[in-house]
Peer 1: 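This structure is in structure tokens; I'll ask about it shortly.
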Number of protein chains: 2
Amino acid sequence: MKPILAEVITIGDEILFGQITDTNTQWIGAELTKIGIRTVRKSSVGDTREAILAVLDEATQRADLVILTGGLGPTKDDVTKVTLCEYFNTTLERNPEALAFVTKFFESRGRQITEINARQADLPLNCTYVANDWGTAPGMWFNENGTVYVSLPGVPFEMKNLMQYRIIPMLQKHFETPVIVHKMIRTVGIGESFLAETIADWENNLPAHIKLAYLPHFGQVRLRLTGTGTDSIHLKEEIDAQVQAVLPLIQPYVFGYDDDELETVVAGLLAEKNWMLATAESCTGGFVASQITKYSGSSSYFVGGVVSYSNTVKVSQLGVKPETLAQFGAVSEQTVREMAEGVRKVLGANVGIATSGIAGPNGGTPEKPVGTIWIACSTEKQTVARLLKLGPFREQNIQQTSVYVFNLLRQTLLDEL
Amino acid sequence: MKPILAEVITIGDEILFGQITDTNTQWIGAELTKIGIRTVRKSSVGDTREAILAVLDEATQRADLVILTGGLGPTKDDVTKVTLCEYFNTTLERNPEALAFVTKFFESRGRQITEINARQADLPLNCTYVANDWGTAPGMWFNENGTVYVSLPGVPFEMKNLMQYRIIPMLQKHFETPVIVHKMIRTVGIGESFLAETIADWENNLPAHIKLAYLPHFGQVRLRLTGTGTDSIHLKEEIDAQVQAVLPLIQPYVFGYDDDELETVVAGLLAEKNWMLATAESCTGGFVASQITKYSGSSSYFVGGVVSYSNTVKVSQLGVKPETLAQFGAVSEQTVREMAEGVRKVLGANVGIATSGIAGPNGGTPEKPVGTIWIACSTEKQTVARLLKLGPFREQNIQQTSVYVFNLLRQTLLDEL
């Protein structure tokens, strides 16, 4: 079967000039992969007629499916619709169904529709209108000369819902998709080079239709196996067998598979023990707690946390001894242990984790340079602390510390299971 | 003067398949903009010879500068260097300077260099070696037939440092760049459509060489003015005059300019009053604190916070009255007021902010649907609370709540200045 090839295009000077983060194309790439459509190119172009026409021309030559996002807002810097009309040699017309929808959208929020809002219902005549229940800019579906074009608003949550509930089902109906099977092995605590050396023999013996990629990210390395074939059950079995073959070589570093995140794996272990977690954060400043609470349902295993940015809060809220701070300093094994024990006891949790360090870029000393970070995990049975020696970069230090403290928590929970 | 046009290319199936977030191209676009180089296209392609050759061919036709990132790691899924050799009709050779560097990098970390590591010193013969002090994959600079090509590793902090300290100075030396002046007006609390209606007359009277764009993002809308010309002082004056002209129309919503973030503006106001801030978070779960502490130096105005995810923590750590929780519930004006007042007093801060709501997607009731969120700000003089009615999406609700609580804090601080 010929694979379905897709190109994803984002429109907007703000992306080229680096003024907004484009999270849309990543998400679209992942969703298309799941249904066996292969993204072969992503492009961002400015919001000019010429740039949009050029990228449409190029994408049309390569792809069966072209997805455009952005350039559909109500303001005048949006030229996508007009340019699509030019490209398809058609005109804009106010779509009654779309107009009714936009009108209702504003009315339900107690607002009058303005002419600028109403213009969102102007659509190219050759498109299929795709209702957007999550905003005001409709989706559009075009089928011209054997290529499908989909145009979506750039606002991520509108785009995502339109894709998930409207466009993906339309794509699955329209295309006959090949079989692609992905399997991701997620590791933590081993570097890319050393992982590669460890599994070199296994990797060299992989069959040609199964590809391996290394995806390093903040103390984690993901191994992605991608198989292509025609029989999904057989392909899945083949890939599972390869995973079983490599696993004994890297077992201690493997924390999960596929969509598993360290935080969700830890959540599962907490649930298994029916345990509640509490966090005490100094250098990570709330980031660790936010990585837990970004998941719905986290209140069933997370009691809360303290961001003890100042020493007085470490003493008053966590019960860290003033002598400990005076003798060893805030960034020390002794302090981080007392923080983890303290938050566990004070918040009435079963397990406490803590971070204290110099995130940088300032605040380092010769004895404790930037990147010196202590982490700890405390249960009723034991309190374990680890020293991290990270780099000079604040954001990276915060994120890596979060990864390492969750891994320490994971190891502790496994140890006590 | 002819503008210098750039294309930025990222290499890696992991980007196309949506398995990692590409933050590199945004950052590169912003840095190029600052030095007057205009990014006209961003592309992501897979790590195959064919895809890389095709995108190089296309970019060469349009751009004066082509920046590639990714595909330089030590493992075998990286084909960039070999393909660059083919494209430039040259060969790889082990570069002694690069080899010495990689060897030293590993030795300083107490590790032996492996053959896989050493291969990172193999470079195309026609490139200028650009030392990477932040990792092991070197940068490469090519100048062929009037186009400059720069190849950088994909690891963000390595790429950023290489760009900032090595490549940007080389670009400024190599190219004569035109004058581009950007000015960003940052607003919060007004929607894109309504902002557009408010400033329509002003916008219609902008001269042709000054462009306006609306960049909405989570409760904020940024207005970006971009002027192109030859005289930077005159252009800057022109744009400043336009800003002064539009300001009276939108003053209450404007919190800053250019790189200002709501959090840094608030930090400035806190510093002005020499005040310390404390946070009490329920539904935002540490995200608000992490938005403060991601900035270096935040310990001078942030004392700490409590993530009171459970009611017991609200009572024990923040002094919320059990009667209040019993009578009005955790998501209520009364509770959020007591949280803000409580955290201010308990942590010994001058001002406390608090959030409590239903972030979703679960946990809503007919009276308090998902997206019902209370925020509060408390000083010795006053406690102000606001009800937010947001949508069904957890991540968006957390981020928007953070924006709105910082805006409430900003308004309170301005009020008390």
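We name chains A, B, ... by the order of the sequence lines, and we start the count at 1 in each one. Just so you know, these numbers come straight off a predicted model, no measurement behind them.
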Peer 1: Measure the spacing between CD of B:Glu192 and CG of A:Asn117 and express it to the nearest 0.5 Å.
Peer 2: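 With rounding to 0.5 Å, CD (B:Glu192) is 10.0 Å from CG (A:Asn117).
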Peer 1: For A:Phe302 and B:Val307: C-alpha separation, side-chain torsions, deciding distance, then whether side chain to side chain contact (heavy atoms under 4.5 Å, CB included) applies.
Peer 2: CA-CA 10 Å; A:Phe302 180 61; B:Val307 182; 3.8 Å; yes
Peer 1: So what's closer than 4.5 Å to chain B heavy atoms on A:Gln396: side chain, backbone, both or neither?
Peer 2: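 Only the side chain of A:Gln396 comes within 4.5 Å of chain B.
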Peer 1: I'd like to know if the side chain of A:Lys42 and the backbone of B:Lys42 have a donor-acceptor N/O pair within less than 3.5 Å.
Peer 2: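 Here the side-chain-to-backbone pair does not exist.
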Peer 1: With a 4.0 Å cut-off on N to O distance, would you call A:Glu14 and B:Lys211 a salt bridge?
Peer 2: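 Salt bridge: no.
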Peer 1: As an exercise: rank A:Val346, A:Asn311, A:Leu16 by heavy-atom pairs under 4.5 Å with chain B and give me the winner.
Peer 2: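 Result: the option with the highest number of such pairs is A:Leu16.
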Peer 1: Of the backbone (N, CA, C, O) and the side chain (C-beta and beyond), which part of A:Met184 lies under 4.5 Å from a heavy atom of chain B, both, or neither?
Peer 2: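 Answer is side chain: those atoms of A:Met184 sit under 4.5 Å from chain B.
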Peer 1: Between A:Glu115, A:Gln291, A:Arg111, A:Lys314, which shows the greatest number of heavy-atom pairs under 4.5 Å with chain B?
Peer 2: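 Of the options given, most contacts go to A:Arg111.
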Peer 1: Does A:Glu50 CD have over 12 foreign heavy atoms under 6.0 Å away?
Peer 2: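 Counting neighbours around CD of A:Glu50, more than 12 heavy atoms of other residues, nucleotides or ligands fall under 6.0 Å, so yes.
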Peer 1: Tell me, side chain or backbone of B:Val55 under 4.5 Å from chain A's heavy atoms, or both, or neither?
Peer 2: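 Both parts, backbone and side chain.
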Peer 1: Aromatic rings B:Phe393 and A:Phe157: how do their planes relate, parallel, tilted or perpendicular, breaks at 30° and 60°?
Peer 2: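 Because their plane-to-plane angle lies in the 30° to 60° range, the rings of B:Phe393 and A:Phe157 count as tilted.
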Peer 1: Atom CD in A:Gln317, atom CG in B:Leu318: separation rounded to 0.5 Å?
Peer 2: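 Here the interatomic distance stands at 8.0 Å.
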Peer 1: Measure distances from A:Arg394 to the heavy atoms of chain B and classify the residue's part below 4.5 Å as side chain, backbone, both or neither.
Peer 2: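 The answer is the side chain of A:Arg394.
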Peer 1: Which region of A:Asn161, side chain (C-beta onward) or backbone (N, CA, C, O), has a non-hydrogen atom less than 4.5 Å from a non-hydrogen atom of chain B, or is it both or neither?
Peer 2: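 A:Asn161 touches chain B through side-chain heavy atoms alone.
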Peer 1: Please state whether the side chain, the backbone, both or neither of A:Tyr295 comes within less than 4.5 Å of a heavy atom of chain B.
Peer 2: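 For A:Tyr295, the backbone is the part near chain B, not the side chain.
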Peer 1: Check each atom of A:Thr39 against the heavy atoms of chain B and say whether the ones under 4.5 Å are side chain, backbone, both or neither.
Peer 2: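 The answer is both parts of A:Thr39.
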Peer 1: Under a 3.5 Å distance rule, please check whether A:Ser290 uses its side chain to pair with a backbone N or O of B:Phe287 as donor and acceptor.
Peer 2: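 Pair absent, no side-chain N/O of A:Ser290 close to backbone of B:Phe287.
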Peer 1: So which residue, A:Asn362, A:Thr114, A:Asp22, A:Ile398, ends up with the most heavy-atom pairs under 4.5 Å with chain B?
Peer 2: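 Answer, by heavy-atom pair count under 4.5 Å with chain B: A:Thr114.
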Peer 1: Kindly determine whether A:Arg38 and B:Asp13 satisfy side chain to side chain contact (heavy atoms under 4.5 Å, CB included), including the steps that lead there.
Peer 2: CA-CA 10 Å; A:Arg38 190 179 171 89; B:Asp13 281 341; 4.2 Å; yes
Peer 1: Just so I understand: if I count every heavy-atom pair under 4.5 Å between each of B:Gly360, B:Gly304, B:Gly305 and chain A, which residue has the most?
Peer 2: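 Top count of heavy-atom pairs under 4.5 Å with chain A: B:Gly305.
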Peer 1: Heavy-atom pairs under 4.5 Å with chain B are the metric here; pick the option from A:Ala359, A:Ser298, A:Gly363 that has the most.
Peer 2: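 Max contact count across the listed options: A:Ser298.
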Peer 1: So which residue, A:Ser296, A:Ser299, A:Ala289, A:Ala278, ends up with the most heavy-atom pairs under 4.5 Å with chain B?
Peer 2: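 Looking at each of A:Ser296, A:Ser299, A:Ala289, A:Ala278 in turn, A:Ser296 comes out on top.
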Peer 1: Indicate yes or no: does B:Arg62 engage A:Glu58 in a salt bridge with an N to O separation below 4.0 Å.
Peer 2: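 Salt bridge present between B:Arg62 and A:Glu58.
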Peer 1: Starting at CD1 of B:Ile116, measure out to CZ of A:Phe194 and round the result to the nearest 0.5 Å.
Peer 2: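 Here the interatomic distance stands at 10.0 Å.
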Peer 1: Could you look at A:Val45 and say if it's the side chain, the backbone, both or neither that has a heavy atom under 4.5 Å from chain B?
Peer 2: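 Contact with chain B: backbone and side chain both.
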Peer 1: Hey, which of B:Ser43, B:Pro361, B:Ala6, B:Ser44 has the most heavy atom pairs under 4.5 Å with chain A?
Peer 2: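 Ranked by heavy-atom pairs under 4.5 Å with chain A, first place is B:Ser44.
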Peer 1: For the atom pair OG (A:Ser193) and CZ (B:Phe106), what is the distance rounded to the nearest 0.5 Å?
Peer 2: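 So the gap between those two atoms works out to 5.0 Å.
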Peer 1: Over all heavy atoms of both residues, which pair between B:Thr284 and A:Thr293 is shortest? Give the atoms and the distance, please.
Peer 2: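 Result for this residue pair: O-OG1, 4.1 Å.
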Peer 1: Check each atom of A:Val155 against the heavy atoms of chain B and say whether the ones under 4.5 Å are side chain, backbone, both or neither.
Peer 2: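 Neither; nothing under 4.5 Å.
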Peer 1: For A:Val8, is it the side chain, the backbone, both, or neither that has a heavy atom closer than 4.5 Å to a heavy atom of chain B?
Peer 2: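 For A:Val8, there is no contact with chain B at all, as no heavy atom is under 4.5 Å.
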Peer 1: Would you mind checking which part of A:Ile15 comes under 4.5 Å of any heavy atom in chain B, side chain (CB onward), backbone (N, CA, C, O), both or neither?
Peer 2: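 For A:Ile15, backbone and side chain are both near chain B.
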Peer 1: Is it true that atom CG of B:Asp259 has more than 12 heavy atoms of other residues, nucleotides or ligands lying nearer than 6.0 Å?
Peer 2: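 No, CG of B:Asp259 has 12 or fewer neighbouring heavy atoms, counting only those of other groups under 6.0 Å.
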Peer 1: Between the side chain of B:Ser310 and the main-chain N/O of A:Val303, is any donor-acceptor distance below 3.5 Å?
Peer 2: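 Yes, the answer is positive, given that a donor and an acceptor are paired below the 3.5 Å cut-off.
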Peer 1: At a heavy-atom distance under 4.5 Å, which candidate from A:Arg222, A:Glu31, A:His217 has the highest pair count against chain B?
Peer 2: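 Greatest number of close heavy-atom pairs with chain B: A:Arg222.
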